[in-house]
Every structure is written in C-alpha cells, then in structure tokens.
Amino acid sequence: MTRPMTRIDQTFARLRAEGRKAFVSYIMAGDPDLDTSLQVMKGLPGAGVDIIELGVPFTDPMADGQTIQLAGQRALEGGQTLQRTLDMVAAFRKGDDATPIVLMGYYNPIYSRGVDRFLADAKAAGIDGLIVVDLPPEEDAELCLPAQAAGLNFIRLATPTTDDRRLPKVLTNTSGFVYYVSITGITGAAAAQAADVGPEVARIKAQTELPVIVGFGINTPEAAQAIAGVADGCVVGSAIVKEIGAGKSVDDVLAFVRGLADGAHRA
Amino acid sequence: MPEDRINSFMSGPDENGRFGIFGGRFVSETLMPLILDLEAEYERAKTDPTFWAEMDDLWAHYVGRPSPLYHAERLSQHLGGARIYMKRDELNHTGAHKINNVLGQIILARRMGKTRIIAETGAGQHGVATATVCAKFGLKCIVYMGAHDVERQAPNVFRMRLLGADVVPVTSGRGTLKDAMNDALRDWVTNVRDTFYCIGTVAGPHPYPAMVRDFQSIIGKEVRTQIMAREGRLPDTLVAAIGGGSNAMGLFFPFLDDKDVRIIGVEAGGKGVDDRMEHCASLTGGRPGVLHGNRTYLLQDDDGQILEGFSISAGLDYPGIGPEHSWLHDVGRAEYVSITDKEALEAFQLSCALEGIIPALEPSHALAHVMKIAPDLPKDHLIVMNMCGRGDKDIFTVAKHLGVQIKT
C-alpha cells in the first residue's frame with residue numbers, strides 16, 4: 001500500500017541520503033508551563049533535533065519513571081490539556097513546517113476526546129505521528145487503523161520481550177519508524193547497552209524496511225552516539241525532562257539537547 | 001447453566017477479553033507477551049483436574065471453605081421485612097474473600113515457574129492474603145500500597161511485614177489504590193522475566209477480570225448449594241459491595257442466568273455522589289475510559305484525566321470498576337447503587353450490636369443498602385449479602401469517626 005509521505009518519512013529519506021542517524025528528543029507538553037515548553041520546542045530543531053516527541057500529560061503514566069511522572073504532574077497542575085497540547089503544536093507549526101512531531105502518551109485522553117475528533121484535530125494542528133503506550137497490536141482497531149487512514153503514522157514500540165514469533169504482529173500496521181525500547185522497564189531507569197541493543201535492532205531490521213530508533217535509558221552524548229551507532233537513531237527523554245524539571249533556562253536546556261544531538265550525529 | 005449460550009450472561013469475555021465494549025488488553029508491548037502466556041496457562045489450568053484438586057484442598061484446609069451462610073435473624077427482625085442471610089467470607093483465613101483468588105493465582109505462578117510475586121493493595125486485605133500465600137509457598141512477595149493507605153491501615157501493614165512481605169509505600173498521586181496499581185505495573189514491566197503480578201480484583205488486562213471472577217465464584221457456587229439446603233430455593237436478591245468488584249462478581253456470577261434473582265452492587269458514595277466527586281462510585285458518577293489495562297467506567301474529568309476517589313473504606317477507594325460490572329450495568333442485568341460513608345458507619349454499628357459480627361467497612365456498604373431495602377420487602381423475600389471481610393482492621397478508622405480515642 002502506498003501512503004502519502006509524512007514529514008517523518010521525508011525526514012528519514014533525507015537522513016538516509018545524508019548518511020546520518022536520527023536524533024529524537026522528548027519533552028512533556030506544558031512542562032513546567034505552556035510558554036516555557038513551547039519555547040523549548042521551538043528551539044529543538046536548531047539544537048539538532050530531527051524529530052520531536054511531544055508528551056501528552058496523563059495522571060496515570062504507567063510506563064514512565066519518576067522524572068516523566070513529575071513532568072506530567074507539573075503540566076497538569078499548570079492546566080495543560082489535550083486541547084492546549086494541540087494548540088501548542090499549531091503554534092509551533094507557524095514557524096516550522098518541516099520538523100516531524102510525534103505525540104506520545106496514553107490512550108484515555110484521546111479516547112475521552114473521541115478518536116475521530118482527535119485525529120481530525122491532530123492532523124489539522126500539524127501532528128505527524130502517534131505513540132500510544134497502552135495500545136498493543138491486539139487493540140489496533142481502537143486508534144492505530146483509524147490513525148493510518150487519517151494519514152498519521154502510528155509508531156509502535158518493540159521491546160526485549162517481543163520475540164520473533166510476535167514481531168511480525170508488532171510490525172504490521174506500524175509506520176514511520178519502529179521504536180525499540182532498549183530495556184524491560186520504565187522510562188529513565190536502567191542504562192541501555194549498545195552491545196545488547198545492536199543484535200536486537202538487527203533482528204527487527206531483518207523483518208522490516210522501517211527505520212529502527214532506540215529509546216529508554218540513554219542520557220549522555222556518549223550513550224546517544226553508541227546507541228545511534230547500532231540503529232537508525234536514538235531517543236532521549238527523561239534526561240532532557242530532568243533538566244527542565246531542575247528549572248534550567250531554555251538556553252541551558254537547548255545547550256544540553258545540542259550535546260546529545262551532536263553525540264547521536266557523530267555515530 | 002442454560003443451553004443457549006447466546007442469551008447467557010455467563011459466556012463472556014470474548015476471545016479479545018471483551019465484555020461488550022468493556023475489558024480488553026490495554027497494556028504496553030513489554031507486558032503483552034506475558035499476558036498472553038498467562039492466558040494460555042490459565043486456559044490449560046481451567047480444564048486441568050489437578051489444578052482444581054489443589055485449589056479445593058487448600059480452600060478446605062487452609063482457607064476454611066465453605067464459609068457459612070448465616071441467617072441474620074435479629075437483623076432481619078429489626079428491619080422488619082426480608083429474611084437476611086450473610087455469606088460469611090470474613091471467616092476465611094486472613095479475614096476476607098481476597099485469599100480465594102490469591103491461591104488460584106499463586107498456584108498458576110508456580111506452574112509458570114515465577115519466583116517473585118508482586119501485588120497492589122488498598123485496605124491491605126489483598127496484600128495480607130498475598131503475603132500469606134507467598135509465605136506458605138516460600139515465594140518472595142512485594143506489596144505496593146498507597147502511602148495514605150499505609151497510614152490508615154497500619155495493622156495490615158504490620159501483618160504483611162510479619163508474613164515476610166516487602167511493603168512499598170507509594171507516594172505518587174494521592175497515595176491510594178490506583179497509585180499502588182501504577183507502581184505495581186511499573187515493577188512488573190521492569191521485572192517481567194521472574195515476576196508474577198497477582199491482581200486483587202476483577203480488573204486489569206484480560207485475562208485477569210475473568211480469571212479473578214472464576215476464582216471468586218466459589219462464593220456464589222457455595223451460596224447456591226447452601227440456600228437450596230436451607231430454603232429449598234434460590235435467593236430473591238443478592239447484595240455486595242464494590243470497589244474493583246471481586247467479591248461482588250464472585251457472588252453474582254453463578255446467578256447471572258437466573259433471571260428472577262435481583263442483583264445489586266453497592267459502590268462507595270463517600271461524602272455523596274454529586275459534582276464535588278468526593279466518592280468512588282464509578283458507575284453512578286463516571287463514564288467509560290481506559291485505565292490499568294481495561295476499558296471500564298472511570299471517574300475522570302473532561303480531558304480524560306483520572307480523578308482521585310474518596311471513601312472511608314480504603315478497599316473501595318478506586319476510581320474504576322471491573323469491566324464485567326460495567327457491562328452488567330449497561331445491559332441492565334445488575335443494578336448499581338451507592339452508599340455514603342455515614343450510612344456505612346451506621347450499618348457497621350448495627351451489625352456489631354445485633355449480630356455480634358464486626359464487619360469490614362467494605363461490606364458495611366452492602367449491609368447499609370440491605371438496611372434500606374429490607375424493611376419494604378415481604379418476610380419470605382430472601383436477601384443474601386456478602387460479608388466479604390471482617391472489621392478488625394477498621395476499628396481505628398471507625399473510632400476516629402465516632403470521636404473515640406484508642407490508646408495504643
């Protein structure tokens with residue numbers, strides 16, 4: 001099936017042509033407040049970020065460690081809602097029509113809004129893809145299939161527990177890229193080891209043409225370089241969110257991100 | 001059991017773990033292979049006579065089943081209407097119905113070769129039951145408990161520690177059952193290979209709601225036999241309290257296809273079911289959403305953010321409810337009502353005074369509803385309420401509400 005290329009597909013095509021790895025960064029929408037997070041977001045492409053993952057705060061983030069839990073709490077206490085997150089993306093798009101944006105979060109805020117309404121609004125705001133942690137392939141009819149039909153990428157997580165028997169099921173209906181979760185665990189926990197991750201990425205790539213991006217447990221430029229070196233790129237989330245949580249200025253946060261991006265791009 | 005499965009209320013869930021639109025498997029990919037393994041293991045066990053032989057033996061000799069079905073004569077006289085029976089699951093080892101299910105899950109865990117058991121607990125009854133069975137089988141046990149509940153259920157915390165469990169106070173959120181479940185899931189996703197998550201109620205991803213229901217159904221099966229022996233017929237009304245809803249599902253399930261049996265679930269109304277949302281009545285005051293692996297009625301705001309419940313009873317303090325209850329509610333097979341903290345406290349005292357039974361605050365909610373309906377029912381109307389837990393753990397909470405200082 002041929003689908004129109006999304007910004008995600010275009011970005012990977014460009015990176016492949018340039019022989020570069022992708023650096024993906026995660027921030028929580030509305031953390032610590034809407035203005036600051038929008039300023040950080042606007043600065044990410046200039047700091048070397050190829051794809052932005054924007055976290056949607058949820059009261060019960062079961063796959064996240066404390067760093068991202070607290071970021072979500074700060075955002076919710078500041079009045080962040082799914083609507084505000086969509087507005088934030090629309091505001092970003094006014095100055096940047098190229099950088100892909102992937103919303104990452106949990107299903108209930110989307111389900112509560114109504115899937116059809118959410119997809120129409122997300123598309124209109126300029127969102128390119130979705131990562132919804134609590135929607136495995138078994139629940140594809142909920143959001144994955146409608147999202148693809150609406151022209152959004154649905155990016156699936158593959159994990160160390162996704163064995164070869166299950167992998168085809170995970171890859172079916174995945175688009176944009178595959179997000180390989182480097183550890184069994186929550187975000188911001190154990191450190192990912194390139195020696196462990198490499199063979200796993202190769203195992204996935206043997207079954208798909210899609211780029212494989214590795215996340216969880218990457219928190220230094222060196223780790224970003226090492227992990228990106230054995231994959232098509234890497235994601236850093238908690239380490240950046242921790243800087244924001246510590247009250248660092250937007251410039252300092254972006255300088256930190258630049259270090260990570262440079263690490264990944266050296267790979 | 002009726003021949004006609006299409007018109008049966010007992011045929012769920014379907015192969016996707018759905019009861020109508022409710023239930024399902026809304027978990028991260030890391031957990032998905034485990035949940036499928038568990039489902040396969042449970043499907044094997046369900047039809048394996050050796051599994052049930054082991055359960056029956058432990059139920060009889062370790063738990064003390066069958067629990068009595070007791071005619072609450074003075075309470076019936078006092079209320080002046082229906083004939084009231086109490087299913088005495090508070091007499092089980094560990095003092096509540098929770099152990100019925102824990103035994104089943106721990107035997108499964110052993111069959112699957114898991115050596116580390118995790119559990120969440122609200123009132124502490126499920127935690128105590130899990131710690132107990134883990135001690136019996138020599139398994140490592142970690143219990144996640146909201147920090148607020150650790151404080152209001154101190155006796156159960158000490159009990160779990162005596163039994164060798166690690167009790168981990170959970171400080172995220174408001175520190176109640178929902179937050180404990182989040183942290184248990186985080187532990188599970190981190191320790192998938194050796195860990196079994198022993199869920200205490202009929203919620204979570206498929207197969208938990210069906211599996212826990214099946215283990216708890218021993219309650220309703222016994223009631224059928226016992227009431228036939230005592231009265232020669234089935235009860236007219238069943239009443240049970242609902243947090244997640246495991247004791248209620250256990251009592252209700254074997255009667256779902258007996259259309260003449262009226263079924264009433266009692267939610268925790270806290271300070272009253274109104275806009276202030278200081279309650280835990282998911283069906284009365286919530287709407288469908290997705291949390292903790294299943295779609296069900298949830299207390300949530302307009303943005304789909306989960307609200308904190310409120311109840312005097314730590315065991316009912318959960319913003320969701322088992323998916324099968326949501327389905328029974330929507331198809332109209334069961335009725336769901338709510339009882340306030342104040343009404344539950346009155347029922348608690350009445351049970352002590354008239355029957356010499358100190359009930360837990362959870363079944364006090366069920367009893368409070370019985371007090372509401374019994375006076376207007378005829379004398380030959382048979383009500384069975386599930387006395388699913390004893391109140392020893394709650395005496396400090398009750399004393400505080402009655403303005404009594406207990407010196408320790």
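Naming convention: chains lettered A, B, ... in sequence-line order (proteins, then strands); numbering from 1 in each chain.
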Problem set entry | Per-residue contact mode, B:L291 against chain A (heavy atom under 4.5 angstrom) | side chain
Exercise. Measuring heavy-atom distances to chain B, does A:R113 have an atom under 4.5 Å in its side chain, in its backbone, in both, or in neither?
Worked result: neither
Exercise. So do A:N108 and B:I306 actually touch side chain to side chain, heavy atoms under 4.5 Å?
Worked result: yes
Seminar exercise, completed: If you tally heavy-atom pairs under 4.5 Å between each of A:T159, A:V133, A:V132 and chain B, the highest tally belongs to A:T159
Problem set entry | Heavy-atom contacts under 4.5 Å, residues 21-36 of chain B to chain A | B:I21, B:G24, B:R25, B:F26, B:V27, B:S28, B:E29, B:T30, B:M32, B:P33, B:L36
Problem set entry | A:E138 versus B:N16, side-chain donor and acceptor atoms under 3.5 Å | no
Exercise. Is a side-chain donor-acceptor pair under 3.5 Å present for B:R193 with A:T161?
Worked result: no
For this session: Determine which pairs satisfy ring pair (Phe, Tyr, Trp, His ring centres under 6.0 Å) with at least one residue from residues 194-214 of chain B, sequence neighbours left out, and list them in order.
Result: B:W188-B:Y197
Problem set entry | Neighbour count >12 (heavy atoms, 6.0 Å) for atom NZ, A:K242 | no
Exercise. What part of B:P288 lies closer than 4.5 angstrom to a heavy atom of chain A: side chain, backbone, both or neither?
Worked result: both
For this session: Tell me the residues of residues 197-207 of chain A whose non-hydrogen atoms fall below 4.5 Å from those of chain B, in number order.
Result: none
Exercise. Looking at A:E142, A:R156, A:R165, which has the largest count of heavy-atom pairs under 4.5 Å with chain B?
Worked result: A:E142
Exercise. Does B:D302 CG have over 12 foreign heavy atoms under 6.0 Å away?
Worked result: no
Problem set entry | Neighbours of chain B found in residues 60-78 of chain A - heavy atoms under 4.5 Å | A:D60, A:P61, A:M62, A:D64, A:Q69, A:Q73, A:L76
Problem set entry | Heavy-atom pair of closest approach, residues B:G304 and A:S112 | N-OG, 3.4 Å
Problem set entry | Contact class of B:N191 relative to chain A, heavy atoms under 4.5 angstrom | neither
For this session: Examine whether an atom of A:F58 lies under 4.5 Å from a heavy atom of chain B, and if so say whether it belongs to the side chain, the backbone or both; otherwise answer neither.
Result: both
Exercise. Any sub-3.5 Å donor-acceptor pair from B:Q305's side-chain atoms to A:P57's backbone N or O?
Worked result: yes
Exercise. Tell me, side chain or backbone of B:E308 under 4.5 Å from chain A's heavy atoms, or both, or neither?
Worked result: neither
For this session: Take atom CD of B:E151 as the centre, draw a 6.0 Å sphere, and report whether it contains more than 12 heavy atoms from other residues, nucleotides or ligands.
Result: no
Exercise. If you count heavy-atom pairs under 4.5 Å with chain A, which of B:D183, B:L298, B:T190 comes out on top?
Worked result: B:T190
